[in-house]
Amino acid sequence: MSSEKFAELLQQAHQSGDFQPVVDNIPYAQFIGLKFQRLGQDILFHLPANPDNIGNPILPAIHGGVIGGFMELAASLQLVMSMDSVALPKIVDFSLDYLRAGRLKDTYAECQVWRQGSRVANVAITAWQSKRESPIATARAHFLLTRD
Amino acid sequence: MSLSIQEKGQRFLDNLPHCQRLGLSVVGGGENQLTMRLPYAENIIGNPLSGALHGGALTTLMDTASGTAVFAVLPGYELCPTLDLRMDYMKAAAAGVDLIAEAKVIRISKNVVFTECLVYQEQDHDLVARCAAAFMRIGAELTPPEFEAAIENNRPMEVTL
């Protein structure tokens with residue numbers, strides 16, 4: 001896809017408020033099966049249970065890397081949807097704490113943008129399954145907000 | 001049974017369905033280290049403009065390389081859940097280029113194993129990312145016998161949903 005085409009897609013999404021076409025054009029989002037729902041200002045990210053994402057055959061549990069990838073993608077989409085930018089933010093670093101095994105169940109995530117400067121954003125991400133109060137993982141990420 | 005680090009790591013990896021889907025393989029092993037390869041694929045692109053792989057695929061590569069190194073380096077069949085990962089993405093991986101993760105077990109303590117992992121582009125050895133991680137030692141006695149058998153007999157476990 002050309003950069004003009006993707007920028008156009010992002011611009012249209014900002015105008016219409018519908019970011020599904022943007023997510024549809026990110027192959028990794030399709031690979032793990034990320035979905036999202038906008039609830040007013042809030043965005044709820046959803047990773048439906050999918051045997052392709054298993055990393056532990058014993059429990060079975062979702063691969064920790066998939067949980068991380070889901071949270072990372074959620075954070076960047078949160079920034080895309082809350083900014084006017086027509087470029088995807090670039091991840092700089094990512095710190096991920098695993099709190100509980102992520103069973104083969106639907107997983108949810110929400111993000112908190114703690115600081116968004118002109119060049120860097122700091123985002124906290126929480127992921128849970130059955131109960132929001134019992135997260136399976138928490139993470140923190142920095143993104144570079146570039147316009148290239 | 002005495003397996004090389006590489007062979008033990010590969011047998012462990014064969015039991016992780018998502019890693020099969022990514023096409024991960026163990027390509028080397030040493031006394032306290034293990035090398036893993038992630039082939040470039042279009043279905044794990046994160047930036048459709050540049051064709052760069054998504055950070056999540058790198059996260060999975062580094063988590064898996066580090067965790068597999070821990071399993072392969074520890075004696076017996078001890079499974080250690082990941083406590084945390086801390087990753088730096090220093091450069092977007094170039095489109096079309098396979099990645100190599102070199103994971104090192106740097107300290108085995110009574111309760112925790114510490115690792116370091118570096119990810120390079122295979123063709124020019126350009127550094128892409130790094131990861132520091134900690135793994136919890138919950139005890140070899142908690143490893144299910146069917147998992148031990150899967151490794152020993154080189155017959156990956158069937159996942160029962």
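Because the structure is predicted, anything quoted here is derived from the model rather than measured. Letters A, B, ... are given to chains in the order of the sequence lines, protein chains preceding strands, and every chain is numbered from 1.
- Only the backbone of B:Glu42 has a heavy atom closer than 4.5 Å to any heavy atom of chain A.
- Neither the backbone nor the side chain of B:Leu53 comes within less than 4.5 Å of any heavy atom in chain A.
- Heavy atoms of B:Pro81 lying under 4.5 Å from chain A are absent altogether.
- Each of B:Leu83 and B:Phe71 belongs to its own hydrophobic cluster when Ile, Leu, Val, Met, Phe, Trp and Tyr are linked at side-chain heavy-atom distances under 4.5 angstrom.
- B:Leu85 touches chain A through backbone and side chain together, each having a heavy atom under 4.5 Å away.
- Cluster membership for B:Val70 and B:Met136, using ILVMFWY side-chain heavy atoms within less than 4.5 angstrom, is not shared.
- With rounding to the nearest 0.5 Å, the separation of CD1 in A:Ile32 from OG1 in B:Thr60 is 8.5 Å.
- Taken to the nearest 0.5 Å, the CG atom of B:Leu49 stands 6.5 Å off from the CG atom of A:Leu88.
- Atom CE of B:Met87 and atom CG of A:Asp93 lie 9.5 Å apart (nearest 0.5 Å).
- Residue B:Arg86 places its CZ atom among more than 12 non-hydrogen atoms of other residues, nucleotides or ligands, all under 6.0 Å distant.
- Interface residues of residues 95-102 of chain A toward chain B, defined by a heavy-atom distance below 4.5 Å and sorted by number: A:Ser95, A:Leu96, A:Asp97, A:Tyr98.
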Could you walk me through whether B:Thr59 and A:Glu72 pass side chain to side chain contact (heavy atoms under 4.5 Å, CB included), step by step?
CA-CA 9 Å; B:Thr59 299; A:Glu72 195 180 314; 3.1 Å; yes
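- Using non-hydrogen atoms only and a strict 4.5 Å limit, the part of residues 43-66 of chain A facing chain B consists of A:Pro51, A:Asp52, A:Asn53, A:Ile54, A:Gly55, A:Pro57, A:Ile58, A:Pro60, A:His63, A:Gly64, A:Gly65, A:Val66.
- A pairwise comparison of heavy atoms in A:Phe31 and B:His18 identifies CE2-CE1, 3.6 Å as the closest pair.
- Aromatic ring centres of A:His142 and B:Tyr89: separated by at least 6.0 Å.
- At a threshold of 4.5 Å between side-chain heavy atoms, the hydrophobic network of Ile, Leu, Val, Met, Phe, Trp and Tyr places A:Val23 and A:Met71 in one connected group.
- The distance from the OG1 atom of A:Thr138 to the CG atom of B:Asp84 is 9.5 Å, given to the nearest 0.5 Å.
- Within 6.0 Å of CD on B:Glu122 lie more than 12 heavy atoms contributed by other residues, nucleotides or ligands.
- Among B:Thr143, B:Leu58, B:Ile44, the residue with the largest count of heavy-atom pairs under 4.5 Å with chain A is B:Ile44.
- Atom CD1 in A:Ile91 sits 13.0 Å away from atom CG in B:Asn47 (nearest 0.5 Å).
- Contacts between A:Ile26 and chain B at a heavy-atom distance below 4.5 Å involve backbone atoms as well as side-chain atoms.
- Under the 4.5 Å side-chain heavy-atom criterion for grouping Ile, Leu, Val, Met, Phe, Trp and Tyr, A:Phe36 is not connected to A:Trp128 through any hydrophobic cluster.
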